2 protein chains.
Amino acid sequence: MKSFARHKTKYGLKSSSKRTFIVDFFMKAGRHFTVEELYNEIKKHRKGISYSTVYRALKLLADCGLAGESMFGDSVSRYEPISRSDHHDHLICSRCGRIIEFENGKIEQLQHNVAEKYGFSVSAHRLELYGVCRECQRKRRRK
Amino acid sequence: MKSFARHKTKYGLKSSSKRTFIVDFFMKAGRHFTVEELYNEIKKHRKGISYSTVYRALKLLADCGLAGESMFGDSVSRYEPISRSDHHDHLICSRCGRIIEFENGKIEQLQHNVAEKYGFSVSAHRLELYGVCRECQRKRRRK
DNA sequence: ATCAATAATGAAAATGAATTGCAATTTCAT
DNA sequence: ATGAAATTGCAATTCATTTTCATTATTGAT
């Protein structure tokens with residue numbers, strides 16, 4: 001939580017048990033959430049936390065670099081905890097929605113080369129592969 | 001226009017000069033547009049075409065595979081004509097918004113390898129590199 | 001060419017997620 | 001304990017997207 005503390009100081013934030021709960025829950029979960037998903041999940045474990053609060057906590061985390069924000073296909077933002085500087089890319093199953101993360105240094109290197117070729121100074125990138133996961137391929141007897 | 005004609009037949013569409021104009025304009029322009037951008041651009045060349053019609057034409061094109069739909073960072077959809085099976089990726093300048101397209105077979109191959117490793121059957125992918133373009137790097141004396 | 005069936009269009013309304021305003025509540029340094 | 005300032009909840013707003021519906025245009029059959 002170090003960088004959250006730093007951010008907290010920097011912007012004169014105060015702490016609250018609700019926000020702390022949200023932040024902890026999110027960081028420990030270690031997976032993707034839409035605001036609504038996180039809101040619903042949290043509702044199960046602790047009541048009296050509103051959607052707005054979850055939304056704002058997530059925004060805060062994104063601001064201080066503890067959460068990554070991204071949109072896959074649909075127009076809903078998804079957030080995921082960022083432990084260190086662990087950038088990773090995504091494999092997204094179009095059937096079940098499962099999201100798998102991966103890293104690949106070679107791809108990163110090639111990306112860098114491409115950017116260089118065009119004179120771009122790259123600060124971020126996103127790579128997403130959409131398809132059908134192994135499990136969904138098996139039980140393919142669906143609509 | 002072949003695949004548009006096919007789609008037209010398949011879904012019993014009728015033709016109209018307005019839609020034809022939009023489709024032609026878009027396909028010839030050969031670049032990215034948000035619905036609004038295309039609407040404004042078209043307005044300059046021919047009057048009496050509403051936002052709805054542009055919106056619907058773009059959707060149609062996306063449906064029949066002649067236009068690609070994507071969202072970069074902000075939450076606005078952008079469309080681009082797809083000539084053949086020319087998949088390409090994007091370099092996006094965070095300052096001026098310029099979008100440069102590129103293709104890289106090696107990266108594609110590596111992506112394929114990764115997917116295979118996880119048992120994914122990939123049907124689509126997107127790769128975007130965000131940064132500052134050469135021109136914006138030069139005239140960096142801005143806010 | 002005329003007619004009926006059906007698609008296309010425009011304008012306005014609806015939708016849906018993201019975001020904000022504001023009053024009430026809580027935090028925290030003093 | 002006190003007061004300034006942050007947090008929260010809820011309702012309201014925003015903004016792009018999408019849909020509705022009345023009107024107009026297109027097409028195939030006659």
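Reminder, nothing fancy here: chain letters follow the sequence lines and each chain counts from 1. Computed from a predicted model, the values in this text were never measured in an experiment.
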**Student:** When you match Y11(B) and G48(B) each to their closest nucleotide on DNA chain C, which lands nearer the 5' end?
**Tutor:**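 Upstream on the strand: Y11(B).
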**Student:** Crowded around E101(B) CD? As in, over 12 foreign heavy atoms under 6.0 Å?
**Tutor:**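 Result for CD/E101(B): enclosed.
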**Student:** Among E128(B), R126(B), H32(B), which residue satisfies the side-chain hydrogen bond (donor to acceptor under 3.5 Å, both in side chains) criterion with H90(B)?
**Tutor:**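 One option only clears the test, and that one is H32(B).
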**Student:** Remember a base hit wins even if backbone is also touched, and classify T34(B) as base, sugar-phosphate or nothing at under 4.0 Å, heavy atoms.
**Tutor:**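 Nothing, no nucleic acid heavy atom in range.
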**Student:** Keeping the roles fixed (side chain from Q137(B), backbone from G119(A)), state whether a donor-acceptor pair exists under 3.5 Å.
**Tutor:**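 It does hold such a pair.
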**Student:** Ignoring hydrogens and geometry beyond distance, is the side chain of K14(B) in donor-acceptor contact with the base of dT6(C) at under 3.5 Å?
**Tutor:**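 In this structure, the two groups form a donor-acceptor pair.
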**Student:** Mind checking if R56(B) touches a base, just sugar-phosphate, or nothing, with heavy atoms under 4.0 Å?
**Tutor:**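 Since a base atom lies under 4.0 Å of R56(B), the category is base.
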**Student:** In this structure, how many angstroms lie between the P atom of dT19(C) and the OH atom of Y79(A), rounded?
**Tutor:**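 Value for this atom pair: 6 Å.
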**Student:** When the distance from CZ of R19(B) to C1' of dT26(D) is rounded to whole Å, what number comes out?
**Tutor:**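 Going from R19(B) (CZ) to dT26(D) (C1'), I get 11 Å.
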**Student:** Starting at the 5' end of DNA chain D, which residue's closest nucleotide do you reach first, S15(B) or E69(B)?
**Tutor:**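 Nearest-nucleotide comparison on DNA chain D picks E69(B).
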**Student:** How long is the line joining NZ of K59(A) and C1' of dT7(D), in whole Å?
**Tutor:**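 So the two atoms are 18 Å apart, to the nearest Å.
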**Student:** Once you round it to whole Å, what is the distance between C1' of dT20(C) and CG of L60(A)?
**Tutor:**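 Atom CG in L60(A) sits about 15 Å away from atom C1' in dT20(C).
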**Student:** With E108(A), which residues qualify under side-chain hydrogen bond (donor to acceptor under 3.5 Å, both in side chains), at least two apart?
**Tutor:**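 For E108(A) the side-chain hydrogen bond (donor to acceptor under 3.5 Å, both in side chains) partners, ignoring immediate neighbours, are H125(A).
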**Student:** With DNA chain D as reference, determine whether S77(B) or L13(B) sits nearer its 5' end, using the nearest nucleotide of each.
**Tutor:**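 The residue closer to the strand's 5' end, by nearest nucleotide, is S77(B).
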**Student:** Go through the N and O atoms of the side chain of S52(A) and the base of dC10(D), and report whether any donor-acceptor pair is under 3.5 Å.
**Tutor:**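 Per atom types, the contact qualifies.
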**Student:** Rounded to whole Å, how long is the line connecting atom CG of D74(B) with atom P of dA18(C)?
**Tutor:**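 That distance rounds to 14 Å.
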